[in-house]
Amino acid sequence: TQDEDGETICVEDVLIPAKDGYDLMKKSIEYFEKLDMYSIVMTQDFDQTELWMSKSNRILPGIQTGIHDFEKNKVSDLVNSNKVVVIGEIVTQYEGLPADAKELDTIWKLAVKHDIPTGIHLAGPGAPTSNFMTSYGNPLTLEPVLKKHPKLRIYIMHGGWPYLEETVSLLRQYPNVYIDISWISWQMPRQLYYEYLEKLILYGFEKRIMFGTDQVAWPKAIEIAVNGIEEASFLTDGQKKNIFYNNAMRFFRFAKGKFD
């Protein structure tokens, strides 16, 4: 996180950033092995994703993109050649574009044509970039897209935080929408995170919530996020398994036994 002067704050004994990209890959994979995890890796540099895949069979490839770098990131080529399991993270909120902007129709049409899942950053907070629009984190900006593309498979990243009621309204109305709990699963104070997650459970969406980290430069965030679910006393063992495993298997349509 950052202080009021924009300086990065990191608690040394809790989170230590990776030294570089290779160190991030090495330590992340170590956590995947330790915690018996499989992970979708999302970056705009697909060469880096392929490097991670060459080091571990626990890596599944995604392609992060905005709309302004859509061609540069070769998203269409990657989807057409079945090299990615998801288009995401879609980071158009950082470009100052809401989910229902006409420019994004290129992404939605591609996803529907190939029946490939999508994941979009929709949340109040984001990295402090010049074009980021906090108000465009409202998940209801996605509703016109869902009306126009009813077969779109999409999940809202970061739990739609802090837009709880808006997220719940969208989940109630559109069964093709899921959410993940990346970022909020380790960056938020545990009490606030638990209050938000428990309300989602109480609303009845235990089968629409997927685990995630978005650990960025901090590999240990993976373990913190896992512990956050395992230590949540309000979750049953069945609900924990849904969040960790079952819901993702259903949403991504992974074959039964793929990770056995």
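For reference, positions follow the sequence shown, starting with 1.
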Worksheet entry | Test log, rule side-chain contact (heavy atoms from CB on, under 4.5 Å), inputs Leu200 and Ile179 | CA-CA 10 Å; Leu200 288 167; Ile179 63 173; 3.6 Å; yes
Discussion item. Let's go through Glu198 and Tyr193 carefully: what are the C-alpha distance in whole Å and the side-chain angles of both, what is the deciding distance for side-chain hydrogen bond (donor to acceptor under 3.5 Å, both in side chains) to 0.1 Å, and is it a yes or a no?
Written reply: CA-CA 8 Å; Glu198 185 172 19; Tyr193 164 49; over 6 Å; no
Practice prompt. Mind running side-chain contact (heavy atoms from CB on, under 4.5 Å) on Glu33 and Ser56 for me, showing each step along the way?
Written response: CA-CA 9 Å; Glu33 295 285 350; Ser56 173; 4.2 Å; yes
Worksheet item: Given the rule in the side-chain hydrogen bond (donor to acceptor under 3.5 Å, both in side chains) test, do Asn131 and Thr129 qualify, once you have shown the distances and angles that lead to the verdict?
Response: CA-CA 6 Å; Asn131 292 325; Thr129 58; over 6 Å; no
Fill in: Worked check of side-chain contact (heavy atoms from CB on, under 4.5 Å) between Lys220 and Lys27
CA-CA 8 Å; Lys220 188 174 176 59; Lys27 290 178 178 176; over 6 Å; no
Worksheet item: Can you check salt bridge (Lys or Arg N to Asp or Glu O under 4.0 Å) on Lys241 and Asp237, steps first, answer last?
Response: CA-CA 6 Å; Lys241 186 171 182 179; Asp237 289 344; over 6 Å; no
Discussion item. Could you go through Asp100 and Lys148, starting from their C-alpha distance and side-chain angles, then the distance that decides it, and tell me whether this counts as salt bridge (Lys or Arg N to Asp or Glu O under 4.0 Å)?
Written reply: CA-CA 10 Å; Asp100 61 347; Lys148 187 174 182 180; over 6 Å; no
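For Leu24 against Trp218, the heavy-atom pair with the smallest separation is CD1-N, 4.5 Å. Nearest heavy atom pair, residue Ile107 against residue Ile87, reads CG2-CG2, 4.2 Å. Between Pro61 and Thr49, the closest heavy-atom pair is CB-CG2, 3.7 Å. Counting all heavy atoms, side chain and backbone alike, Trp108 lies closest to Leu152 at CE3-CD2, 3.7 Å. When every heavy atom of Pro117 is checked against every heavy atom of Phe252, the shortest pair comes out as CG-CD2, 3.8 Å. Shortest non-hydrogen contact noted between Pro125 and Pro162 is CD-CD, 4.4 Å.
Crowding of Tyr22 atom OH: a count of heavy atoms from other residues, nucleotides or ligands under 6.0 Å not exceeding 12. Within 6.0 Å of NZ in Lys74 there are 12 or fewer heavy atoms belonging to other residues, nucleotides or ligands. Within 6.0 Å of atom CD in Gln191, 12 or fewer heavy atoms from other residues, nucleotides or ligands are found, so the atom counts as exposed in its surroundings.
Test Arg250, Arg208, Arg153 against Tyr178 for side chain to side chain donor-acceptor pair (under 3.5 Å) and you get one pass: Arg250. Tested against Ile116 for a side chain to side chain contact (heavy atoms under 4.5 Å, CB included), the candidates Asn82, Val79, Leu110 yield a single pass: Val79.
Residues Met157 and Met133 do not share a hydrophobic cluster, clusters being chains of Ile/Leu/Val/Met/Phe/Trp/Tyr side chains in contact below 4.5 Å. In the hydrophobic clustering of this structure, Val91 does not group with Val84; members are Ile, Leu, Val, Met, Phe, Trp, Tyr whose side-chain heavy atoms approach within less than 4.5 Å, directly or through other members.
Between Phe132 and Tyr94, the ring planes are tilted. Angles from 30° to 60° get that label. The aromatic rings of Trp161 and Trp183 lie tilted to each other, with the angle between the two planes from 30° to 60°. Classification of the His121-His158 ring pair by plane angle, with boundaries at 30° and 60°, yields perpendicular.
The backbone N or O of Glu95 sits nowhere less than 3.5 Å from a side-chain atom of Thr92 that would complete a donor-acceptor pair. Listed for the Trp186 side chain is no donor-acceptor partner under 3.5 Å among the backbone atoms of Ile222. Of the possible polar contacts, none joining the Asp69 side chain to the Lys72 backbone as a donor-acceptor pair under 3.5 Å is found.
Put simply, CD1 on Ile63 and OG on Ser76 are 11.0 Å apart, with the number rounded to the nearest 0.5 Å. With rounding to the nearest 0.5 Å, the separation of CH2 in Trp52 from OG1 in Thr43 is 9.0 Å. Atom OG1 of Thr65 sits about 12.0 Å away from atom CE of Met42, to the nearest 0.5 Å. The structure places OG of Ser185 at 9.5 Å from CD of Gln215, a figure rounded to the nearest 0.5 Å.
Using a 4.0 Å cut-off between charged nitrogen and carboxylate oxygen, Lys240 and Glu230 do not count as a salt-bridge pair. Taking the charged nitrogens against the carboxylate oxygens, Asp115 and Lys151 have no contact shorter than 4.0 Å, which rules out a salt bridge. A salt bridge links Glu30 to Lys26: at least one charged side-chain nitrogen sits closer than 4.0 Å to a carboxylate oxygen.
Counting heavy atoms from C-beta on, the side chains of Ile243 and Met210 never come closer than 4.5 Å.
A distance of 6.0 Å or more separates the ring centres of Tyr38 and Phe32.
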